[in-house]
Amino acid sequence: MKRSIIFIISILITVSAFAQNKKLGNETEEQRTQRMAWWTNDRFGMFIHFGLYALPARHEWVKHNERLTNEQYEKYFELFNPDLYDAKAWAKKAKQAGMKYAVLTSKHHEGFCLFDSKFTDYKSTNTPIKRDLIKEFVEAFRAEGLKVGFYYSLIDWHHPHFTIDDVHPLRTDKKEDYAKMNEGRDFSIYRKYLQDQVRELLTNYGKIDILWLDFSYPGKYGKGNEDWGSKELLALIRKLQPGIIVDDRLDLGEYEDGQDFTTPEQYKVEKWPERYGRKFPWETCQTFSGSWGYYRDETSWKDTKQLLVLLIESVGKGGNLLLNVGPTGRGDFDYRADAALAGMGEWMGHNSRSIYGCTEAPEDFKAPASSLLTYNPTSNRLYIHLLDYPLQNLVLPGYAGRIKYAQLLHDASEVRFRESDGNVNISLPVIKPNYEIPVVEIFLK
């Protein structure tokens, strides 16, 4: 992850390019909507960043940040032994938090694989743990009824034929040196390796619901779609797993079907993102703290309310939230991550109806002060999330004549309302419900 500026630059394609509506395949809009319907409904997923970087425990980009060579990084491979890894426990925690799908790093930029690939020795089955951790993940999460996805890094700082560039640990400020540094490296060999591993992941583990590829950074000293062979790779993915959902980091933004959803990372969007002249499916990926991998000394952990606001606001703008956990070097969740998941799960247990199947409210419904709206178009119900609990009277501007019934969502207790001057005044109990963010459920006429 990281590199927000590089990523943003890579996806900024001109409006004129969007207008061309170039496509790689022949899937209709209706077919795409149907294929993505489960994801649009479920709204909330777990990201899991797990790899050798859990051992240094100071950011998943530690190899890059500290410019470590393969030899210096090798000790983490030799010592990787997450003896407390229990995919079943992970799955139960995700489900209890209200998450409906999960995406695990099969390989991050460091090049280390959590699966038993026949194309490399740099994998979990050759470490002291001696297990295919991806296989266990898939089986455990499926058993809990959760959808499963793989993150796979297009980047590989370990592979001998991955050419050194501006984001490589061995990068240099003397650009003229790259040619000499890359002597003997044949990127076409790496490109074949990349495609072979994606084929393995989409062949050996049954139905896979999401593929999260990361990331492109085109330019003279970077890598883009031609380097990865992105068009051919995406065609392979679609052939192997026709129902799969693929993110937007293959650098195929000029094609309307070069991605299924866009991925704002570590920031809130101001409004529902538009691509190709329409509102486009989107998912924000976010961390509990500032790092994706386990970072022992990280202090910028978000509290439960901040996390819930992230979720509610994303859904209220038509998007999903993929919330990340970075397991420790022993393979379990940090106590702070457990606390965050439990806090969200407590709220979701009685308020998830305002999340699942919900989206942006119709434009003519305005959110009252200090609140966020979501809307379920199937049930025709509006949800008002009270970020600051008002003193009894909640004013809904312009709602007169549009409400059939109102209740607090967590316990289905009626809240009375009256209409006045085109507005609706809802009478709330004096005592705030025992939830971080109470929700008023409005049954519309």
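Counting begins at 1 with the first residue of the sequence.
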Legend entry - Presence of salt bridge, Glu110 and Lys63, under 4.0 angstrom: no
Inset, instruction - Give a yes or no on whether the backbone of Leu133 and the side-chain of Tyr85 come within a donor-acceptor separation of less than 3.5 Å. - result: yes
Legend entry - Near-ring test Tyr151/His108, centroid separation under 6.0 angstrom: yes
Inset, instruction - Go through Asp257 and Lys23 one step at a time and tell me if the salt bridge (charged side-chain N to carboxylate O under 4.0 Å, His left out) criterion holds. - result: CA-CA 6 Å; Asp257 55 355; Lys23 298 185 73 174; 5.0 Å; no
Inset, instruction - Using side chain to side chain contact (heavy atoms under 4.5 Å, CB included) as the criterion, point out the one residue from Leu252, Val246, Asp247 that pairs with Arg249. - result: Asp247
Inset, instruction - Not counting sequence neighbours, list each pair that qualifies as a side chain to side chain donor-acceptor pair (under 3.5 Å) and has a residue in residues 336-347. - result: Lys93-Asp338, Asp334-Arg336
Legend entry - Main-chain N/O of Phe47 paired to Trp212 side chain as donor or acceptor, under 3.5 Å: no
Inset, instruction - Assert yes or no for the condition that the ring centre distance of Tyr178 to Tyr221 is strictly below 6.0 Å. - result: yes
Check: residues 238-245 side-chain donor-acceptor pairs under 3.5 Å, at least two apart:
{"residue": "Arg238", "atom": "NH1", "partner": "Ile244", "partner atom": "O", "Å": "3.2"}
{"residue": "Arg238", "atom": "NH1", "partner": "Asp260", "partner atom": "OD2", "Å": "3.1"}
{"residue": "Arg238", "atom": "NH2", "partner": "Asp260", "partner atom": "OD1", "Å": "3.2"}
{"residue": "Arg238", "atom": "NH2", "partner": "Asp260", "partner atom": "OD2", "Å": "3.1"}
{"residue": "Gln241", "atom": "OE1", "partner": "Ile208", "partner atom": "N", "Å": "3.2"}
{"residue": "Gln241", "atom": "NE2", "partner": "Leu202", "partner atom": "O", "Å": "2.9"}
{"residue": "Gln241", "atom": "NE2", "partner": "Gly206", "partner atom": "O", "Å": "2.9"}

Inset, instruction - Applying salt bridge (charged side-chain N to carboxylate O under 4.0 Å, His left out), run through Lys88 and Glu139 and close with a yes or a no. - result: CA-CA 8 Å; Lys88 293 180 180 177; Glu139 292 174 351; over 6 Å; no
Legend entry - side-chain contact (heavy atoms from CB on, under 4.5 Å) partners for Asp196, two or more places apart: Phe119, Lys192
Inset, instruction - Look at the rings of Trp228 and Tyr190 and say which category their plane angle falls in: under 30° parallel, 30 to 60° tilted, over 60° perpendicular. - result: perpendicular
Legend entry - Pairs involving residues 197-210, ordered by first then second residue, that meet salt bridge (charged side-chain N to carboxylate O under 4.0 Å, His left out) (sequence neighbours left out): Lys207-Asp209
Legend entry - Main-chain N/O of Glu27 paired with Arg35 side-chain donor or acceptor, under 3.5 Å: no
Inset, instruction - Could you pull out all residues at least two apart from Tyr435 that satisfy side-chain hydrogen bond (donor to acceptor under 3.5 Å, both in side chains)? - result: His350
Inset, instruction - Mark yes or no for whether Gln259, through its side chain, and Tyr255, through its backbone, hold a donor-acceptor pair below 3.5 Å. - result: yes
Legend entry - Those residues that, when tested against Tyr73, pass ring-ring contact (aromatic ring centres under 6.0 Å, His included) (two or more places apart): Tyr76
Inset, instruction - Carefully, step by step, assess Leu409 and Arg353 under the rule side-chain contact (heavy atoms from CB on, under 4.5 Å). - result: CA-CA 8 Å; Leu409 177 56; Arg353 201 154 72 201; 3.5 Å; yes
Legend entry - Full working for side-chain contact (heavy atoms from CB on, under 4.5 Å) between Arg185 and Phe187: CA-CA 6 Å; Arg185 292 178 183 247; Phe187 196 79; over 6 Å; no
Inset, instruction - Measure from NZ or CZ of Lys147 to the centre of the six-membered ring of Trp39, then state whether that distance is under 6.0 Å and the direction lies within 45° of the axis. - result: no
Inset, instruction - For Glu176, enumerate each residue passing the salt bridge (charged side-chain N to carboxylate O under 4.0 Å, His left out) test, keeping only those at least two apart in sequence or located in another chain. - result: none
Inset, instruction - Please answer whether the main-chain N or O of Thr287 pairs with a side-chain N or O of Asn324 as donor and acceptor at a distance below 3.5 Å. - result: no
Using atom types as modelled, flag every donor-acceptor pair under 3.5 Å from a side chain in residues 355-362 to any protein atom, sequence neighbours excluded.
{"residue": "Tyr356", "atom": "OH", "partner": "Gly98", "partner atom": "O", "Å": "2.5"}
{"residue": "Glu360", "atom": "OE1", "partner": "Lys279", "partner atom": "NZ", "Å": "2.8"}

Inset, instruction - Please identify each residue that fulfils side-chain contact (heavy atoms from CB on, under 4.5 Å) with Lys123, with sequence neighbours left out. - result: Cys113, Asp116, Thr125, Asn126
Inset, instruction - Kindly write out the residues that satisfy side-chain contact (heavy atoms from CB on, under 4.5 Å) with Glu74, not counting sequence neighbours, or none if the list is empty. - result: Phe77, Glu78, Tyr122
Legend entry - Heavy-atom donor-acceptor pair, His385 side chain to Leu372 backbone, under 3.5 Å: yes
Inset, instruction - Determine yes or no for a side-chain-to-main-chain donor-acceptor pair under 3.5 angstrom, with Asp227 supplying the side chain and Gly224 the backbone. - result: yes
Legend entry - Cation over ring face, Lys22 and Tyr276, 6.0 Å, 45°: no
Legend entry - salt bridge (charged side-chain N to carboxylate O under 4.0 Å, His left out) assessment of Lys95 paired with Glu144: CA-CA 7 Å; Lys95 187 173 183 177; Glu144 288 292 339; 3.6 Å; yes
Legend entry - Heavy-atom neighbours of Gln34 CD exceed 12 at 6.0 Å: no
Legend entry - Carboxylate-amine/guanidinium proximity below 4.0 Å for Glu313 and Lys317: yes
Inset, instruction - Could you check Tyr152 against Asp214 for side chain to side chain donor-acceptor pair (under 3.5 Å), going step by step and ending with a plain yes or no? - result: CA-CA 6 Å; Tyr152 182 85; Asp214 190 40; over 6 Å; no
Inset, instruction - Check for a donor-acceptor pair, side chain of Arg43 on one end and backbone N or O of Ile312 on the other, with a separation under 3.5 Å. - result: no
Inset, instruction - Assert yes or no for the condition that the ring centre distance of Tyr193 to His159 is strictly below 6.0 Å. - result: yes
Inset, instruction - State whether the side chain of Asp42 and the backbone N or O of Phe44 hold a donor-acceptor pair below 3.5 Å, judged by distance alone. - result: no
Inset, instruction - Classify the ring geometry between Phe80 and Phe50 as parallel (under 30°), tilted (30 to 60°) or perpendicular (over 60°). - result: tilted
Legend entry - Check: Trp90 ring centre within less than 6.0 Å of Phe137 ring centre: no
Inset, instruction - Under the side-chain hydrogen bond (donor to acceptor under 3.5 Å, both in side chains) rule, collect the residues that match up with Ser314, sequence neighbours excluded. - result: none
Inset, instruction - Can you spot which of Glu60, Glu298, His49 makes a side-chain hydrogen bond (donor to acceptor under 3.5 Å, both in side chains) with Ser291? - result: Glu60
Inset, instruction - Report the residues that fulfil side-chain hydrogen bond (donor to acceptor under 3.5 Å, both in side chains) with Thr374, sequence neighbours left out, ordered by chain and then residue number. - result: none
Legend entry - Trace of the side chain to side chain donor-acceptor pair (under 3.5 Å) decision for Thr304 with Gln306: CA-CA 5 Å; Thr304 300; Gln306 288 174 308; over 6 Å; no
Legend entry - Value rounded to 0.5 Å, distance of NZ in Lys107 from OG1 in Thr120: 9.0 Å
Inset, instruction - For the pair Asp165 (side chain) and Gly222 (backbone), establish whether a donor and an acceptor sit closer than 3.5 Å, ignoring hydrogens and angles. - result: no
Inset, instruction - Please indicate whether Asn434 has more than 12 foreign heavy atoms, meaning atoms of other residues, nucleotides or ligands, lying under 6.0 Å from its CG. - result: no
Legend entry - Verdict with supporting geometry, Arg275 and Asp248, salt bridge (charged side-chain N to carboxylate O under 4.0 Å, His left out): CA-CA 12 Å; Arg275 301 284 186 271; Asp248 64 340; 5.7 Å; no
